[in-house]
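Structure first, commentary second.
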Amino acid sequence: MTELTQNSLNPSEAHDPKRSDFVREQVAEDLDAGRFSRGVQTRFPPEPNGYLHIGHAKAIVLDFSIAQENGGICMLRFDDTNPTTEDQRYVDAIVEDVRWLGYNPDSINYASDYFQQLYEWAELLISKGLAYVDDQSAEQIADQRGGFGRPGVESPYRNRGPNENLELFREMRDGMHSEGSRVLRAKIDMQNENMQLRDPVMYRIRDVHHYRTEDTWKIYPSYDWAHGQGDAIEGVTHSLCSLEFSDNRALYEWYLQQLPLEGEAPYQTEFARLELTYTVTSKRRLKQLVEDGHVTGWDDPRLPTLRALRRRGYPASAIREFCMFIGVSRTNSRHDIELLESFVRTELNQTAQRRMAVLRPLKLVITNWPEDENGQPVVEMRTLVNNPENDADGTREVPFSRELWIEQDDFRMEPPPKYFRLSPGTEVRLRGGYLVTCTGAICDEAGNPVEVHCTYDPQTAGGSAPDGRKVKSTIHWVDAGHAIDGSVALYDRLFKEKLPGETTGNPIDDLHQDSVEVLRDCKLEQSLCDATPNEVVQFERLGYFAADSELEGHFHRTVGLRDEWARLQKQK
RNA sequence: UCGGGGAUGGUGUAAUUGGCAACACAACUGGUUCUGGUCCAGUCAUUGGGGGUUCAAGUCCUCCUCCCCGAACCA
């Protein structure tokens, strides 16, 4: 239920058409100039060799929202041109993550669907004298490519005749040549200052199984030779990608110009990818964290992958709003993770029901609490508001009696300055219960309190005193006789440095040692039995917590509440 | 070294395209409150540097500096 509300696209969501950025301005200009007769079409083009993370979310939101704002369509296309690393399980995971984020692709396509067309176009380039088979090794080709400020030299095979090229290329296709023995190259310009244009490789021989085309191909197209053509075939108008492809744009355009395409050609626009403080968002780095066992898996809640954030309780809508808010630019930048967290808090403050849970329990005894006719402490049901931000969420009944659990942090034998909570002689409010005054505490040999004693004021049922007196603090509690046992995972930043790896070059060096703390002796309010998997609730005064999808009574801390007391202590 | 891109507070994004630098996060003050939450009020930048054009420059010109990307048969 919660899952559904969180995931469906809220129509009031701020996909503000007035919002302006360089991409949207360009799209608007294209529309005004009537440059595309087919309307706006975009696509999100992941390679199915890893899991989606928050950085991809930015691209997804951009691609889909631009299509939505212009009444266009947005597709999901898998750029599956490298069979050695790709797999169906990534396809499934990516589709799942995109849907969870709140988007339904207008179609799901695969670059591999175009292998035949691409092959035919390659033959066309060969016959036009614009592509040739090179028999050299990868090393030789790399050598000849030259360097920055240093022109390349032409391959001795560059001027092979079209017929010989065609014949060789067909042999490559038919598996008559071994891996690495030959490639098909575009014949462009070995002197060009843009390295992308120095006769790039179009096809390489790979005698491997492709997860979709299986064993039908022995040669596979490179990214550049597949991407723009995929866009063109699908009718994409605006092909958005990240900054590092800027130099590839010339090649993207060159390829399209050589082909007999119908309709206006798509064009590529690059934007800066999303980076966040205290985390990493590169496939390689994430993979390393998982494979080296620094985290428990791709869905470890400390990771910035979408499946991890989902498990941790981040609402999809908060991620979407965050992505819309940060906008798009061409400036390399790194956003504070706090901004993302603030979107999560804002969303959850509105939607998460309040519950009480004691993470580090300390026994509290109300010494003057009444007994019933059997000499047992009376159990009273108190009515608590489920969400002060949303009356429609109603109230619930919570048992209250003589012995309660309170947070260890909420009692001090000797209170420091500005400590408003319980200490001998002070009066506080037990949320939704009564005002209680501390009369003392029993301590163990080490001097640690093990049982706090209080008296309650029977006139203060519900939490307010008829004489109007105020207390400085309200603390949460769970009735000892009705509490359920639970466990909670508290997550901290995975990295202790704002820019992981900045000084050493290797983020692993900046890994936070205790980025997760599991508390197993938690006392939870009875109603938490009913928490549905992945439901996010607020534990009052502590933070937002997501119920584990499998383990009952186990919660993941999504994000803590802002904590004024912690702040004050830090200042000192 | 060559080519491409970029530079606005602590952070990120804006600025009617030449007209009083806005918004959010963070931080700090204070107020409200049955969550030290939420909410409310306030403080926090003369736009990388120099020169120029102009009544007027973050926006235009010019020189400089610094940062990012690019030499896979990866994407």
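Worth saying up front: this structure is predicted, and the values here are computed from it rather than measured. Below, read A as the first sequence line, B as the second, and so on, with proteins coming before strands; counting in each chain starts at 1.
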**Request:** Using a 4.0 Å heavy-atom cut-off across all strands, classify A:Q136 as base, sugar-phosphate, or nothing.
**Result:** base
**Asked** When you measure from every atom of RNA chain B, which of residues 276-287 of chain A have a heavy atom less than 4.0 Å away?
**Response** none
**Prompt:** Do A:R182 and A:F169 meet the cation-pi criteria used here (NZ or CZ under 6.0 Å from the six-membered ring centre, within 45° of the axis)?
**Reply:** no
**Prompt:** To the side chain of A:T474, which of B:rG36, B:rU13, B:rA71 is closest?
**Reply:** B:rG36
**Fill in**
Quick note, A:N82 side chain, CB onward, closest among B:rG37, B:rA75, B:rC73 is B:rA75
**Request:** Answer yes or no: does atom CZ of A:R285 have more than 12 heavy-atom neighbours from other residues, nucleotides or ligands under 6.0 Å?
**Result:** yes
**Request:** Take the protein atom CZ of A:F148 and the nucleotide atom C1' of B:rA71, then report the distance between them rounded to whole Å.
**Result:** 5 Å
**Asked** Using a cut-off of 4.0 Å on non-hydrogen atoms, how would the nucleic acid contact of A:E179 be classed: base, sugar-phosphate, or nothing?
**Response** nothing
**Message:** From the set B:rG36, B:rC69, B:rU13, return the single nucleotide nearest to any side-chain atom of A:E244.
**Reply:** B:rC69
**Asked** Counting side-chain heavy atoms from C-beta on, which of B:rG36, B:rC73, B:rU38 comes nearest to A:R562?
**Response** B:rU38
**Message:** Students often get this wrong, so: under 4.0 angstrom with heavy atoms, is A:R330 touching a base, only sugar-phosphate, or nothing?
**Reply:** sugar-phosphate
**Fill in**
With B for base contact, S for sugar-phosphate-only contact and - for none (protein heavy atoms under 4.0 Å), nucleotides 43-49 of chain B reads -------
**Request:** Measure from the side chain of A:K418, starting at C-beta and using heavy atoms only, and say which of B:rG12, B:rG6, B:rG36 lies closest.
**Result:** B:rG36
**Message:** Which heavy atom of A:V201 sits nearest to which heavy atom of A:Y203, and what is that distance?
**Reply:** CG1-O, 3.6 Å
**Among B:rG4, B:rG37, B:rC25, the nucleotide that comes nearest once only the side chain of A:E389 is considered** = B:rG37
**Asked** Contact class for A:E540 vs. all strands (heavy atom < 4.0 Å): base, sugar-phosphate, or nothing?
**Response** base
**Request:** Grab the CG-P distance between A:N332 and B:rG5 for me, whole Å please.
**Result:** 14 Å
**Request:** Kindly say whether, by distance alone, the side chain of A:D247 makes a donor-acceptor pair under 3.5 Å with the base of B:rG3?
**Result:** yes
**Asked** With no hydrogens and no angle check, is any side-chain donor or acceptor of A:D87 less than 3.5 Å from a backbone partner on A:Y90?
**Response** no
**Asked** Roughly, in whole Å, what's the span from CZ in A:R431 to P in B:rU35?
**Response** 5 Å
**Message:** Using a 3.5 Å limit for the pairing distances, which stems of at least 3 consecutive Watson-Crick or G-U wobble pairs does RNA chain B take part in?
**Reply:** B:2-7 with B:65-70, B:10-13 with B:22-25, B:27-31 with B:39-43, B:48-52 with B:60-64
**Asked** Counting side-chain heavy atoms from CB outward, which of B:rG12, B:rG70, B:rC73 is closest to A:H335?
**Response** B:rG12
**Message:** With a 4.0 Å cutoff (strictly under), does any side-chain N or O of A:R334 reach OP1 or OP2 of B:rU13?
**Reply:** no
**Message:** Tell me the interatomic distance from A:L499, atom CG, to B:rC68, atom C1', rounded to whole angstroms.
**Reply:** 14 Å
**Message:** Base, sugar-phosphate or nothing for A:S137? Non-hydrogen atoms, less than 4.0 Å.
**Reply:** base
**Request:** Would you mind classifying the nucleic acid contact of A:L340 as base, sugar-phosphate or nothing, using non-hydrogen atoms under 4.0 angstrom?
**Result:** nothing
